[in-house]
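Only a predicted model underlies this, so the values are computations on that prediction, with no experimental measurement involved. Residues: numbered from 1 along the sequence shown.
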Amino acid sequence: MNKDYDLNSLNEEQKKALLQTEGVVLVTAGAGSGKTRLLTHRICYLIEKGVSPYNILAITFTNKATNEMKERVAKMCNKAVWISTFHSMCVRILRESIDFLDGYDRNFTIIDENDKAKILKDLLKGNNMQDDELSKVETHLDNIKNKGLDIDEYFSALQEFGNQENLKMYQKICWQYEDYLHKNNALDFDDLLNKTLFLFNNYPQVLGHYADRFHYILVDEFQDTNLVQYKLVKLLASKHKNLFVVGDEDQCIYSWRGANFRNIFNLENDFPDVKVFKLERNYRSTKNILTLANNVIANNTERLKKNLWTDKDAGEPPVVYTAFDERDEALFVANTISELVGNGYGYDDFAVLMRINALSRPIEDGLLSLNIPYKLYGGVKFYERAEVKMVLAYLSIFVNPKDEISLFKVINFPKRGIGDVAMANLQKEAEDGFVLDYLLSEKFKFSKYHAKLEKFVETIRELKAKLPVIPLVDFVKQVIEKFGIDKAYAGKDEEAINKLGNLDSLLSAVSEYVESAEEPTLADFLANVMLKSDTDDIQEGGFVSVATIHAVKGLEFKVVFVVGLEEGIFPLSRATFSNSEMEEERRLCYVAITRAEEKIYLTHACKRFMYGKNSFQVESRFLKELGIVDKSKPKITAVDDFFKPEKKEDVYDSGYHVGDRVYLARYGEGTLESVSDDGLVGTINFDEFGEKEIMLNSKNLEKVEAGNG
């Protein structure tokens, strides 16, 4: 064992959990409590006690966590263990066993969300339905797949709750979608989990192989498992029943995609004699930051009681900044980063976190105004760029000849005079077979499209013969060159240069994959690409990270800004009427705060331009729950040309004056302390809630008693 493997480096609670090697163990691990260290040490401890690495499975939720855990285990005990995300695990199982399912083979294609949406739009059009029905169909599909339900049973249960005619049409489209993927030997992301679960439930020999192999199973971020993932874990642990799960219900922020933190509680119902351990010591943040986190999450009721603590110093107090508007907020962020960088911080020490992507534009402008390098996460992923997707589609037809989704993307790029009508005719000419097989057959020589596609078909034949015998990087390079993809993007303008640069980056990605893979294959490379996240490289390269809170879960930064802390934004307005949604918003706030190691800044604006208009904002209830009293007043910071001064507006006469006693149902009685220059906004010191910025033209505001002002 390497010197990094040291049980004495664990605290007492971590040690107790690690030494409980047999049976089902639940570790409720607070943010920053060293769960990755616990998991890696447990793997090495099992190996030290004689367990074969072949018999250990560790499941994580992100590629970044997977790679980190693999590296740590390899360094600590020089062994390779099956460590992967749920989706990667299922891809591997399906590559070995999907042949059991009629019509599928191991060369299946994984489609992304954009392809899924296009297929559904085409199906809607074919059924004379409008595109605006897309979100409803997607919601039904997500519900079905996240819970592993049968389509007919799902819609049968909805009969009394909706329009019968619409439900029947949605049901029909869901089946058409499934049939379309089946014909193309294609799976979407949810299918990776569902088809694996179907194999386990219906083919005992498949489940038996894996349940017998994995004597010890470890699952990270257990609170983020959905019903299908929970069932997969249960089945995999059904033989040896040695299951070690680490989770924190306070960090469950993915209920919108089926995550159910109640799986933590369900564990005790499904397995007898579950041993529970609690990790509350935090190794990441200062005492002041943890106080904020504990204060806000204590307002949630659906949680196991725990209180983060640390033996670190108190650290600097949190800073709350009340901005005049979103531009003032952005410049405050940029100025603060610039000042701290001048005091020794690096750009990758910073994260600017927001609840919704819509807040990013002014933040980006603010950073640009001071030449601060940043990366925005949640935008277009590298592998979703048009030129990269085109190459991936070309590659896919060499792996999966049934993949007409990809074939019809590439057949007319570069232009070959093959439009939608021609594609439909080719499908008819192929009869019940697959179009690619037909193109490669002798019959195609008699098609009226032969002349247009002759070179395309010959290139496929030529490269198909080369695939097994030349290096993968060379094969991809030849695909780009021989099909004329590089020439199609040639040009001297910046866009063309960027596109060609992205093709070079793709070749580099293939090269990196080949170097790291034990047995590199084109099918495996394509699967890895589809499962990549745009946040895999977050915190790399010396950039400030600008991201939604969801994107940075599991990461940590020396300095964190949480922007847009306003009612309707954070928390979202829809959560106001739902206790469960409000608790999730609060968990998001907790996650955001616990990303910070040394400093935290919380900002909100008095008014914000969103959705086409300027609106006056009310500060988030979370600021009060955090236990912070913000005494700062909104002000306009001195700015350069980046922020243009606003034109003087007419003063609105609200009838309210400084000193008036007023009443607002939401906050009760208070005293009007000040009125904005335009007369629209008043600072009211409410007896129970402190100072709030309130629009004075609100119909819900009443004057109780005139003041002396």
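Listed for the E138 side chain is no donor-acceptor partner under 3.5 Å among the backbone atoms of A117. Remark: the backbone N or O of S580 is not paired with any side-chain donor or acceptor of E302 at under 3.5 angstrom. A donor-acceptor pair is defined here as one N or O able to donate and one able to accept, closer than 3.5 Å; such a pair exists between the side chain of S285 and the backbone of A596. Proximity of a side-chain donor or acceptor of S369 to a complementary backbone N or O of G366 within less than 3.5 Å is detected. At distances below 3.5 Å, not a single donor-acceptor pair connects side-chain atoms of E619 with backbone N or O atoms of H604. With hydrogens and angles ignored, the 3.5 Å screen pairs a side-chain donor or acceptor of N299 with a backbone N or O of V296. Between the side chain of N288 and the backbone N or O of G315 there is at least one donor-acceptor pair closer than 3.5 Å. At distances below 3.5 Å, at least one donor-acceptor pair connects side-chain atoms of S505 with backbone N or O atoms of G501.
A salt bridge between K116 and D142 is present, with a side-chain N of the basic residue lying under 4.0 Å from a carboxylate O of the acidic one. Using a 4.0 Å cut-off between charged nitrogen and carboxylate oxygen, R587 and E584 count as a salt-bridge pair. Using a 4.0 Å cut-off between charged nitrogen and carboxylate oxygen, D248 and K35 do not count as a salt-bridge pair. Under 4.0 Å is where a charged nitrogen must lie from a carboxylate oxygen, and between K64 and E68 no such pair does. Salt bridge status for E249 with K306: present, with a side-chain N to carboxylate O gap under 4.0 Å.
Between F557 and F350, the ring centre distance reaches or exceeds 6.0 Å.
Under the 4.5 Å side-chain criterion, counting only non-hydrogen atoms from C-beta, R284 is not in contact with L308. Side-chain contact check for L664 versus F686: some heavy-atom pair is nearer than 4.5 Å. Using a 4.5 Å cut-off on side-chain heavy atoms (C-beta onward), E113 and F189 make contact. Side-chain atoms of L193 and K145, non-hydrogen and from C-beta on, never get closer than 4.5 Å to each other. Here the side chains of L120 and L141 are in contact, with some heavy-atom distance below 4.5 Å. Put simply, the side chain of E364 does not reach to within 4.5 Å of the side chain of L367, judged on heavy atoms. Between C252 and D224, the closest side-chain pair of non-hydrogen atoms falls below 4.5 Å. Inter-residue side-chain proximity for I372 and Y347 is flagged as met; some heavy-atom pair is nearer than 4.5 Å.
For Y513, the ring-ring contact (aromatic ring centres under 6.0 Å, His included) partners two or more places apart in sequence, or in a different chain, are F525. Partners of H87 under the ring-ring contact (aromatic ring centres under 6.0 Å, His included) rule, at least two apart in sequence or in another chain, do not exist in this structure.
Here the shortest heavy-atom pairing between L696 and G682 reads CG-N, 3.6 Å. Considering every non-hydrogen atom in both M390 and Y489, the closest pair reads CB-OH, 4.1 Å. Minimum interatomic distance between Y377 and N357 (heavy atoms only, all atoms of both residues): O-OD1, 4.1 Å. Between L672 and V675, the shortest heavy-atom distance links the atoms CD2-CG2, 3.9 Å. Here the closest heavy-atom approach between residue I600 and residue I593 is recorded as CD1-CA, 3.7 Å. In terms of heavy-atom proximity, K553 sits nearest to Q251 at CE-O, 2.9 Å.
For the residue pair D328 and Y321, a side-chain donor N or O sits within less than 3.5 Å of a side-chain acceptor on the partner. For the residue pair E598/Y345, the side-chain donor-acceptor check at 3.5 Å is satisfied. Side-chain contact, S674 with T683: a donor N or O sits under 3.5 Å from an acceptor N or O.
The distance from the CE atom of M530 to the CG atom of D112 is 4.0 Å, given to the nearest 0.5 Å. The line from CG of L134 to NZ of K118 is 12.5 Å long, rounded to the nearest 0.5 Å. Atom OG1 of T548 sits about 10.5 Å away from atom CG of L359, to the nearest 0.5 Å. In this structure, SG on C589 lies 12.0 Å from CZ on R621, to the nearest 0.5 angstrom. If you take NE2 on H550 and CG on L588, they are separated by 4.5 Å, rounding to the nearest 0.5 Å. One distance of note links CD of E567 with OG of S620; it measures 5.0 Å at 0.5 Å rounding.
When R608, Q617, K607 are each tested for a side-chain contact (heavy atoms from CB on, under 4.5 Å) with D325, only one passes: K607.
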E583 and R303: salt bridge (charged side-chain N to carboxylate O under 4.0 Å, His left out), yes or no, with the steps? CA-CA 10 Å; E583 294 216 347; R303 63 187 296 260; over 6 Å; no

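With a 6.0 Å radius and a threshold of 12 heavy atoms from other residues, nucleotides or ligands, D311 has its CG atom above the threshold.
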